[in-house]
*Asks:* 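I am attaching a structure below and will ask some questions about it afterwards.
Counting starts at 1 for both ligands and their atoms, in listed order.
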Amino acid sequence: MQTNSIIELSRSAYQNNIDFLKQLFGKKRILSSVVKGNAYGHGISEFVAMAYGCGINHFSVFDADEARQVHAVLSDKVTILIMGFLSEEDLPWIIENDIEFFVFDKKRLVSASRIAKKIHKKAIVHIEIETGMNRTGFEKSELKEIITILKKDADSLIFKGLCTHYAGAESIANYYRVEKQIKYFEEIHQYLIKNELKPEIVHSACSAAAIMFPATRMNLVRVGIMQYGLWPSQEVFVAYINSKKIKQDPLRRIITWKSTVMSLKKVKSGDFIGYGTSFMAKKNMKIAVIPIGYAHGYSRSLSNHGRILIQGQRCMVVGLVTMNMVAVDVTDINSVKKEEEVVLIGNQNDLAITIASFCDYSNQLNYELLTRISKTIPRKITD
Ligand SMILES: *Cc1c(COP(=O)(O)O)cnc(C)c1O
């Protein structure tokens with residue numbers, strides 16, 4: 001286990017976010033916590049345990065491997081839904097453990113039915129519809145056959161959900177495309193009902209869709225980024241606070257990333273710091289070396305741009321971020337000591353390094369930045 005840095009997850013911040021989202025979406029809707037990408041870098045095992053403690057009992061993952069990780073922590077206390085990849089070999093385990101999953105091709109449906117029969121269980125399927133994202137999902141022309149299978153194999157298949165995913169609800173530029181998707185999805189829903197097939201639940205919304213297009217909330221909302229206290233885009237945030245006439249962000253970031261000062265060094269005016277010549281000291285300087293680099297998810301594009309908090313003060317990254325280390329300018333802080341705590345993301349005293357600022361400097365999407373944080377950093381739940 002690495003000890004050069006630690007990720008803390010704030011339970012009270014998470015509870016705040018969940019309370020807010022539940023109130024916004026209403027009690028009757030299922031709130032599915034999306035924990036793909038190692039729970040957006042938060043650490044899937046620790047995160048789902050905390051989320052369960054805060055009242056979440058539905059999780060959506062990308063693949064069977066993530067489903068196993070959630071199941072290992074919470075077993076059958078929660079519903080687990082696989083939205084993306086699974087292989088044929090995973091199906092017996094999935095069906096045996098009542099793991100639910102998206103179906104977007106006929107082969108998966110036929111295999112699921114066959115394996116369910118063999119192990120005397122029912123496979124719980126969510127039929128995904130292609131409504132305009134053009135990634136996964138059934139076309140309308142394929143549905144006749146799917147309807148036939150679902151009816152014929154009703155003793156081995158539970159038609160739990162009908163679902164789709166939107167192509168960029170976080171930007172107004174995609175407004176017409178998403179509106180068209182919503183309308184088309186409802187058409188397909190009605191088409192199935194006309195064919196005497198009614199899913200138990202219908203769902204389509206991710207965070208952005210749930211905020212920008214309330215009609216997408218339906219029976220269940222698949223919430224990723226917002227539960228972690230971040231907005232899908234600046235646009236969605238502004239639209240929300242304007243519509244509610246509020247000024248403050250109702251969400252709280254739950255992640256804090258800390259490390260320590262590994263060593264201190266004096267650098268003479270005119271000397272270069274780190275590899276190459278990207279930073280030359282223009283005066284005599286003192287630098288602190290932090291044992292974090294791009295191998296841990298601290299982007300190389302933060303070279304000469306990033307900021308790190310030490311003793312409640314913002315310190316500039318100087319020189320290139322290397323694989324395992326980064327140097328920061330601490331010339332103006334007299335009392336910096338080795339092993340002193342530093343904050344890469346989060347608060348220290350009254351200052352904060354927000355994910356937004358981190359993203360701006362490294363030119364990354366908040367989603368991307370978070371999921372790049374190394375899995376091997378220990379995670380700890382705090383209050
Ligand atoms: C990732 C994902 C979500 C959640 O998206 P956020 O923008 O993080 O809320 C919802 N549905 C599907 C199919 C996804 O892949």
Side-chain angles (χ1 to χ4, degrees), residues 14 17-18 20-22 24-25 29-42 44 47-48 51 56 58-67 70 79-86 100-105 125-138 160-172 174 178 181-182 185 201-214 216-237 239-240 250-251 253-255 355-356 359 364-373:
Y14 187 64
N17 299 345
I18 290 306
F20 166 74
L21 292 165
K22 280 191 170 162
L24 184 65
F25 301 148
R29 277 193 185 96
I30 303 166
L31 199 164
S32 183
S33 160
V34 179
V35 293
K36 65 190 184 201
N38 197 29
Y40 291 45
H42 288 64
I44 190 165
F47 181 82
V48 297
I56 295 291
H58 197 293
F59 292 97
S60 294
V61 297
F62 174 69
D63 61 18
D65 178 53
E66 290 170 346
V70 179
T79 303
I80 302 170
L81 172 60
I82 299 173
M83 304 184 293
F85 184 78
L86 55 89
E100 306 184 6
F101 53 100
F102 280 29
V103 171
F104 40 77
D105 59 36
V125 302
H126 293 244
I127 300 296
E128 189 187 6
I129 303 299
E130 174 57 72
T131 57
M133 173 113 176
N134 288 317
R135 202 171 59 177
T136 51
F138 288 111
K160 178 75 180 276
L162 183 72
C163 55
T164 194
H165 189 48
Y166 299 110
E170 71 285 348
S171 168
I172 196 75
N174 304 320
V178 173
Q181 286 189 272
I182 297 170
F185 186 51
I201 59 170
V202 184
H203 55 103
S204 65
C206 56
S207 298
I211 298 294
M212 305 300 271
F213 304 87
T216 63
R217 293 175 189 170
M218 304 175 194
N219 304 120
L220 173 151
V221 180
R222 305 184 302 258
V223 183
I225 198 82
M226 285 181 75
Q227 65 174 326
Y228 303 104
L230 303 165
W231 293 81
S233 66
Q234 199 64 14
E235 224 177 294
V236 174
F237 172 61
Y240 180 80
L251 298 173
R253 182 189 61 248
I254 68 176
I255 197 169
I355 304 239
C359 290
Q364 294 180 91
L365 221 51
N366 48 12
Y367 294 79
E368 182 185 357
L369 181 153
L370 288 170
T371 50
R372 280 174 178 235
I373 298 175

*Asks:* Once rounded to the nearest 0.5 Å, what's the spacing between atom CD of Gln227 and atom CD1 of Ile56?
*Replies:* 6.5 Å
*Asks:* For the residue pair Thr136 and Glu130, what are the closest heavy atoms and their distance?
*Replies:* O-OE1, 3.5 Å
*Asks:* Test His203 against every option in Arg217, His165, Arg222, Arg29 by the side chain to side chain donor-acceptor pair (under 3.5 Å) rule and name the one that passes.
*Replies:* Arg222
*Asks:* Under 3.5 Å, N/O to N/O: give me all the pairs between ligand 1 and the protein, one per line with atom names and distance.
*Replies:*
from     : atom 1 : to     : atom 2 : distance (Å)
ligand 1 : 7 (O)  : Tyr367 : OH     : 2.7
ligand 1 : 8 (O)  : Tyr40  : OH     : 2.5
ligand 1 : 8 (O)  : Ile225 : N      : 2.8
ligand 1 : 9 (O)  : Ser207 : N      : 2.9
ligand 1 : 9 (O)  : Ser207 : OG     : 2.5
ligand 1 : 9 (O)  : Gly224 : N      : 2.9
ligand 1 : 11 (N) : Arg222 : NE     : 2.9
ligand 1 : 11 (N) : Arg222 : NH2    : 3.4
ligand 1 : 15 (O) : Lys36  : NZ     : 2.6

*Asks:* Tell me whether the centres of the aromatic rings in Phe47 and Tyr228 are closer together than 6.0 Å.
*Replies:* yes
*Asks:* Check for me whether the distance between the ring centres of Phe20 and Tyr240 falls short of 6.0 Å.
*Replies:* yes
*Asks:* Parallel, tilted or perpendicular: which fits the ring planes of Tyr367 and Tyr40, with parallel below 30° and perpendicular above 60°?
*Replies:* tilted
